[in-house]
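Here is the structure we will look at, set down as structure tokens.
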Amino acid sequence: MSYSPKEIENKWQTKWSEQEAFEPKDDKSLKKKYILSMFPFPSGRLHMGHVRNYSIGDAMARYYRKQNYNVLHPIGWDAFGMPAENAAIKHGRHPKDWTYSNIAYMRKELKTLGLSFSETREFATCDELYTKWEQEFIIKMFEEKLLYRESTTVNWCEECHTVLANEQVEEGCCWRCDNEVELKEMPGYYLDIRKYADELLEDLKLLEGKWPSQVLAMQSNWIGKSQGLEFAFKLSDASKEKLGNKFEDFEVFTTRPDTIYGVTYTALAPEHPIVKELMKNELLDAEVIEKITAISNMTEVERAKAGKEGFDLGITVIHPLTNEEIPVWMANFVLASYGGGAVMSVPTHDERDFEFAIQYNLPLKYVIEGAEDGQAYTGEGVLINSGELNGIKNTKAKAEVIKLFEAKSLGKGTTNYKLRNWGISRQRYWGAPIPFVHCERCGLVPEKVENLPIALPEDVEITGEGNPLENHPTWSTCACPKCGADAKRETDTLDTFVQSSWYQFRYATDPKKWNECGIDKEDVNYWLGVDQYIGGIEHAILHLLYARFFTKALRDVGFIDDLKEPFDNLLTQGMVLMDGSKMSKSKGNTIDPDSLIEKYGADTARLFTLFAAPPQKELEWNDSAVEGAFRFIKKLYDRRSKVSSNELPSIDHASLSKEEKLARAKVYEALQKSVDVYEKTFAFNTLIAACMEALNALDKQDNEQVWTEGLYIITHLLEPIIPHVCAELSEELFASKNLAGKIEILDEVFVQDTITLGVAVNGKRRAEIEVDAGASKEDIITMAKESIAKWLEGKNVVKEILVPNKMVNLVVK
RNA sequence: GCGGAUGUGGUGAAAUUGGUAUACACGCCAGACUUAGGAUCUGGUGCUUUACGGCGUGGAGGUUCGAGUCCUCUCAUCCGCACCA
């Protein structure tokens, strides 16, 4: 019978499901592995990126299961989010209906890939049972002051009609729809991720060597820790008066306290309270007020593009050391959200300050030696023009100045982070409702835990205009959980990244407990950290930072025990490309996994995906290489007729022919390689190549025993990658014995009768010799010399180097 | 500008960590079987040279008996962040 993938794959998929073959065991004394591929958004259909992601994870899960590990390999659905609402707007379908029917379809698709997922632990994040526990966490975080509500300037996407977190703004545009982001002042809920900035940074060290260095670097940059001096500039008396004595001073932060004597002006962000006060009281020219207002309405990206712009505010401050009077400017490049929205400017030793100073003709004062006229000097050097600090190296002066400020109570050494708090409010329908109530008497009140979940109303009209929850006639009407008075329910929903921040704990929690708790601590203690996490690099900051934060926050509010990091090892898979660019519907260069499986079967799809490139690299789609993968499976399947017994035979190695010995060696080389590949390098492409080599070598001989052993081992090795055909062959040929446990490596098979050695003269390969395995060094050298006799004419061999089993190098003069 | 990577045949890629560079696969060429082949099988295939040979891992140096691998410099490409004071 010829290879018929459909038949084989159906058979095994049904069998696995019936046997519940992939459910983790309850026994916590077993050694465990938690293998997790990032869960999909139920967009409607799988794409090749999913196939790749899950083929990688499945190979690992199946490998460890075979090594007798208790394996947790779950799947679920990241199911809230905008596309469901867009579908509602476009096609009039209810988001819930759209989502769950997509899930049903994609679940079937996943099944045809033969992935070894647990079926009992599957959930969708839009399940009310999931929302219920998430709301409990949110309330607890509020009580523990990790979550707060505040009105600030936020990133607003008009296209999506919602607020975005800073991490979700890419080059000034919405991460999802690419629409340009606007600024808007509005209230919202925030998680205090900044409180964990240092821990999140420090614990990256625990992940070194286990996460890609690129991801670690990106997170570290994003957190953006810097150390320096914080101090206040006192306003001059005249300026205080001008400001109606509402301000005494303002704080600045600098990483260059060594340049303190070089300060020739200060600059405030357009949003700074002092600037606002000046504008409010019309203490600036009308034209200036108008321009500052315009800048305020620009996003950071727009301001950067616009170039530097500023205005003299007509007020002055006193330099804390020299007591000189210094002008205060407003500058568009000063960020309101960092370092108090105010800077000390040292144009001589900072390029931005220099550019600004030249533009507006502000004074320059060099305070570090080594500067050249006409530019800012940012290098090292000795301090000059710096009073008591003259002569000190500037690198040393940083600490000195901080000490000085602290001694005089003028300021203090401090640490600053670029990381901003995580805004989790979304003005959308298809998300988890934020479980709070607005009461006129009690203010902001969390819902009672026994009332959870606060579920979404089903009868909504989704038009794309406004927030459907707010437009709903009755949903937001409720009683205050505290005083019972009429109150209004919060209509914002949670950012979908909240759901994906704790799903790894939900999977670990025994489904039998899903009704009683969100996360079971003991289960989490057993299963976490995730031994291997697999997903796309696009989540390097967003999801991976949030999930790390959430882990620490859940620990601190008591929902999990001490766990530093959720994901012990991370593999970021490369993208699937077609003609050098990312597969996408809009470019029309996609391959539909369904039709691929229909034509070749899941095993071929999986084999190609893992063979064509190492998982970390980009994968270029190639139709004929898919054919090649299919051919290999067919060939493997066809060779089953060569097998003569269902046991691993014991073979008298010494009695074998050269070809037979070589075939065995190739088979065992593959076996040897497999441990490294499955546990460390994940270079499945090389393991598959080794198996192909082994099969090629087997084809060059016809010993039944060698064939039996060869296929016994090859199907064992490839089962995690092409599980259906291997299960089928294993059942037919070996009563499935080779799919349980390890196969021992026999060193004897690596002993060959003869060894081929390269012969090099002065490191340059010139010939090849074949020597008996037991040949002495003298004999080998003699043979080597004969083989390259013509290179030795008239010369002396001054050194003989024998690299065992590899080569001979003769140094001649 | 800062940070992270990557450069090997026509293509995707290997190389047990300093030891025969290009395994495996795709493609291509030739042959076999075929009415036919976009099926299957066999053989060949780094560049150059009639040949002997010469040259070959982005480039230039260096260490070494020996370098894709280690060191120094340099070029190119990709990715992330970016006025963070």
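Note that the structure is a prediction, hence the values are computed from the model and not measured. Throughout, a chain's letter reflects where its sequence line sits, starting with A, and its residues are numbered from 1. Hydrogens, waters and symmetry mates play no part in the numbers below; they use all other heavy atoms, side chains included.
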Considering only atom [atom1], compute the distance from [N] to [M] and round it to an integer number of Å.
{"N": "B:U50", "M": "B:A23", "atom1": "C1'", "value": "32 Å"}
{"N": "B:G43", "M": "B:G53", "atom1": "P", "value": "27 Å"}
{"N": "B:U64", "M": "B:C70", "atom1": "C1'", "value": "10 Å"}
{"N": "B:G46", "M": "B:U35", "atom1": "C1'", "value": "40 Å"}
{"N": "B:A15", "M": "B:C28", "atom1": "C1'", "value": "25 Å"}

Scan every strand shown for a Watson-Crick or G-U wobble partner of [N], both distances under 3.5 Å, and answer none if you come up empty.
{"N": "B:C55", "answer": "B:G46"}
{"N": "B:A13", "answer": "none"}
{"N": "B:U64", "answer": "none"}
{"N": "B:A32", "answer": "B:U40"}
{"N": "B:G18", "answer": "none"}
{"N": "B:C2", "answer": "B:G80"}
{"N": "B:U8", "answer": "none"}

Sugar-phosphate only, base, or nothing, as touched by [X] at under 4.0 Å among non-hydrogen atoms:
{"X": "A:M807", "result": "base"}
{"X": "A:S220", "result": "nothing"}
{"X": "A:V811", "result": "sugar-phosphate"}
{"X": "A:F611", "result": "base"}
{"X": "A:G339", "result": "nothing"}
{"X": "A:V252", "result": "nothing"}
{"X": "A:Q616", "result": "nothing"}
{"X": "A:E768", "result": "base"}
{"X": "A:N696", "result": "sugar-phosphate"}
{"X": "A:A217", "result": "sugar-phosphate"}
{"X": "A:P212", "result": "nothing"}
{"X": "A:N809", "result": "base"}

Given [options], which nucleotide is nearest the side-chain atoms of [X]?
{"X": "A:K764", "options": "B:G80, B:A13, B:C55", "result": "B:C55"}
{"X": "A:Y338", "options": "B:C26, B:A25, B:A85", "result": "B:A85"}
{"X": "A:I801", "options": "B:C65, B:A13, B:A85", "result": "B:C65"}
{"X": "A:S213", "options": "B:A5, B:C81, B:C26", "result": "B:A5"}
{"X": "A:Q214", "options": "B:C65, B:C83, B:G4", "result": "B:G4"}
{"X": "A:P614", "options": "B:A13, B:C83, B:G27", "result": "B:A13"}
{"X": "A:A304", "options": "B:C83, B:A85, B:G27", "result": "B:C83"}

Would you say the side chain of [Y] lies within less than 4.5 Å of the side chain of [X], judging by non-hydrogen atoms?
{"X": "A:N809", "Y": "A:R765", "value": "no"}
{"X": "A:K210", "Y": "A:L570", "value": "no"}
{"X": "A:Q168", "Y": "A:L542", "value": "yes"}

Exercise. Is the charged tip of A:K308 near the ring of A:F333: under 6.0 Å from the six-membered ring centre and within 45° of its axis?
Worked result: yes
Exercise. Would you call the rings of A:H319 and A:F233 parallel, tilted or perpendicular if under 30° counts as parallel and over 60° as perpendicular?
Worked result: perpendicular
Please give, in whole Å, the distance from [N] [atom2] to [X] [atom1]?
{"X": "A:Q573", "N": "B:C79", "atom1": "CD", "atom2": "P", "answer": "18 Å"}
{"X": "A:I223", "N": "B:C2", "atom1": "CD1", "atom2": "C1'", "answer": "16 Å"}
{"X": "A:E627", "N": "B:C28", "atom1": "CD", "atom2": "P", "answer": "12 Å"}
{"X": "A:D350", "N": "B:G1", "atom1": "CG", "atom2": "C1'", "answer": "12 Å"}
{"X": "A:R765", "N": "B:G54", "atom1": "CZ", "atom2": "P", "answer": "13 Å"}
{"X": "A:N221", "N": "B:G3", "atom1": "CG", "atom2": "C1'", "answer": "5 Å"}
{"X": "A:L695", "N": "B:A25", "atom1": "CG", "atom2": "P", "answer": "10 Å"}
{"X": "A:F333", "N": "B:A82", "atom1": "CZ", "atom2": "P", "answer": "18 Å"}

Are [X] and [Y] close enough that their ring centers fall under 6.0 Å?
{"X": "A:Y678", "Y": "A:F684", "result": "yes"}
{"X": "A:Y196", "Y": "A:W422", "result": "no"}
{"X": "A:Y360", "Y": "A:F311", "result": "no"}

Problem set entry | A:K785 and A:E800 ion-paired at < 4.0 Å | yes
Problem set entry | salt_bridge(A:E309, A:K291) N-O dist < 4.0 Å | no
Phosphate OP1/OP2 of [N] contacted by [X] side-chain N/O (<4.0 Å):
{"X": "A:R631", "N": "B:C26", "result": "yes"}
{"X": "A:T686", "N": "B:A23", "result": "no"}
{"X": "A:N762", "N": "B:G66", "result": "no"}
{"X": "A:K617", "N": "B:A13", "result": "yes"}
{"X": "A:S226", "N": "B:A85", "result": "yes"}

Problem set entry | hbond_proxy A:K308 side chain to B:C83 base (donor-acceptor, 3.5 Å cutoff) | yes
Exercise. If each of A:V215 and A:D353 is mapped to the nucleotide of RNA chain B with the nearest heavy atom, which maps nearer the 5' terminus, i.e. the 5' end?
Worked result: A:V215
Seminar exercise, completed: 5'-most contact on RNA chain B (nearest-nucleotide basis), A:K799 vs A:A767, goes to A:A767
